[in-house]
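Okay, structure first, notes after.
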Amino acid sequence: MKLRKNYTCPLELVHDMIKGKWKTIIIFQLRNGKCSFSELYHSIAGITQKMLLEQLRELKHFGLIDKKTYDGYPLKVEYFLTGQGEKMLSAIKIMQEIGIDYMVEHGMTEILDEKGICY
């Protein structure tokens with residue numbers, strides 16, 4: 001979760017902030033607004049609860065997401081994108097488009113159809 005002291009460029013820093021399998025997917029899942037932990041967990045196939053919690057903690061540490069905790073029982077927590085997270089989402093949407101283009105060009109549309117992703 002710690003950033004290095006020396007970077008050769010800003011892009012290298014951003015890469016360290018979002019590297020890994022899940023962070024970009026979590027940010028993308030928050031594109032429509034606040035989500036509970038449970039909603040995020042059920043919307044991301046293959047992620048464990050432990051990994052989701054760790055990734056959320058790191059994204060919060062880097063200022064890309066934040067959370068709001070509500071009083072009461074059961075405890076309710078909602079995660080949402082910060083201003084920096086919204087900026088990152090713009091980049092991730094472009095990455096999604098590139099992925100879709102590649103999948104279409106290489107006959108990999110089955111997964112797009114399964115997920116209901118337009119191309």
Checklist entry - With a cut-off of 6.0 Å (strictly less than), are more than 12 heavy atoms of other residues, nucleotides or ligands near CD of Glu110? => result no

Next on the checklist: Looking at Glu12 and Thr8, would you say the former's side chain and the latter's main chain have a donor-acceptor pair under 3.5 Å?
Outcome noted: yes

Item to check | Joint hydrophobic cluster, Ile117 plus Ile27, side-chain heavy atoms closer than 4.5 Å | outcome: no

Next on the checklist: Closer than 3.5 angstrom, by distance alone: can the side chain of Lys19 be matched with the main-chain N or O of His15 as a donor-acceptor pair?
Outcome noted: no

Checklist outcome for this item: Here the gap from Met51 atom CE to Trp22 atom CH2, rounded to the nearest 0.5 Å, amounts to 8.0 Å

Checklist entry - Is there a donor-acceptor pair under 3.5 Å between the side chain of Gln55 and the backbone N or O of Leu52? => result no

Checklist entry - Within 45° of the ring axis of Tyr70 and under 6.0 Å from its six-membered ring centre, is that where the NZ or CZ of Lys76 lies? => result yes

Next on the checklist: Within the structure provided, determine whether Leu56 and Lys60 are in side-chain contact (heavy-atom separation under 4.5 Å).
Outcome noted: no

Checklist entry - Side chains of Gln29 and Ser43: is there a donor and an acceptor less than 3.5 Å apart? => result yes

Item to check | Side chain proximity check, Lys34 to Tyr79, heavy atoms < 4.5 angstrom | outcome: no

Checklist entry - So how far is it from Leu59 CG to Glu54 CD, rounded to the nearest 0.5 Å? => result 10.5 Å

Checklist entry - Do you reckon Met88 sits in the same ILVMFWY cluster as Leu3, going by side-chain contacts under 4.5 Å, direct or chained? => result yes

Next on the checklist: Between Leu75 and Thr69, does the side-chain contact (heavy atoms from CB on, under 4.5 Å) criterion hold? Intermediate values first, please.
Outcome noted: CA-CA 8 Å; Leu75 180 65; Thr69 305; 3.4 Å; yes

Item to check | Option from Ile44, Leu40, Ile92, Ile47 for which side-chain contact (heavy atoms from CB on, under 4.5 Å) with Ile25 holds | outcome: Ile44

Checklist entry - Hey, mind stepping through Lys93 and Leu89 against side-chain contact (heavy atoms from CB on, under 4.5 Å) and telling me if it holds? => result CA-CA 6 Å; Lys93 285 180 177 178; Leu89 177 60; 3.9 Å; yes

Next on the checklist: Would the distance check show the side chain of His106 and the main-chain N or O of Tyr102 forming a donor-acceptor pair, the cut-off being under 3.5 Å?
Outcome noted: yes

Checklist entry - Can any side-chain N or O of Thr82 pair as donor or acceptor with the backbone N or O of Asp66 at less than 3.5 Å? => result no

Item to check | Val14-Ile65 co-clustered via ILVMFWY side chain contacts under 4.5 Å | outcome: yes

Checklist entry - How many angstroms lie between atom CG of Leu81 and atom CD1 of Ile26, to the nearest 0.5 angstrom? => result 11.0 Å

Checklist entry - Hey, are Lys67 and Glu78 close enough for a salt bridge, meaning a charged N less than 4.0 Å from a carboxylate O? => result no

Checklist entry - What is the minimum heavy-atom distance between Thr109 and Tyr119, and which atoms define it? => result CB-OH, 3.4 Å

Checklist entry - Taking side chain as C-beta onward, heavy atoms only, is Gln49 less than 4.5 Å from Phe37? => result yes

Checklist entry - Would Tyr41 end up clustered with Val77 when hydrophobic side chains under 4.5 Å apart are linked, directly or stepwise? => result yes

Next on the checklist: Test side-chain contact (heavy atoms from CB on, under 4.5 Å) on Glu97 and Ile100; report intermediate values, then the result.
Outcome noted: CA-CA 5 Å; Glu97 291 172 17; Ile100 290 169; 5.5 Å; no

Checklist entry - Taking a hydrophobic cluster as the set of Ile, Leu, Val, Met, Phe, Trp and Tyr residues connected by side-chain heavy atoms closer than 4.5 Å, whether directly or through intermediates, do Tyr7 and Met17 fall within one such cluster? => result yes

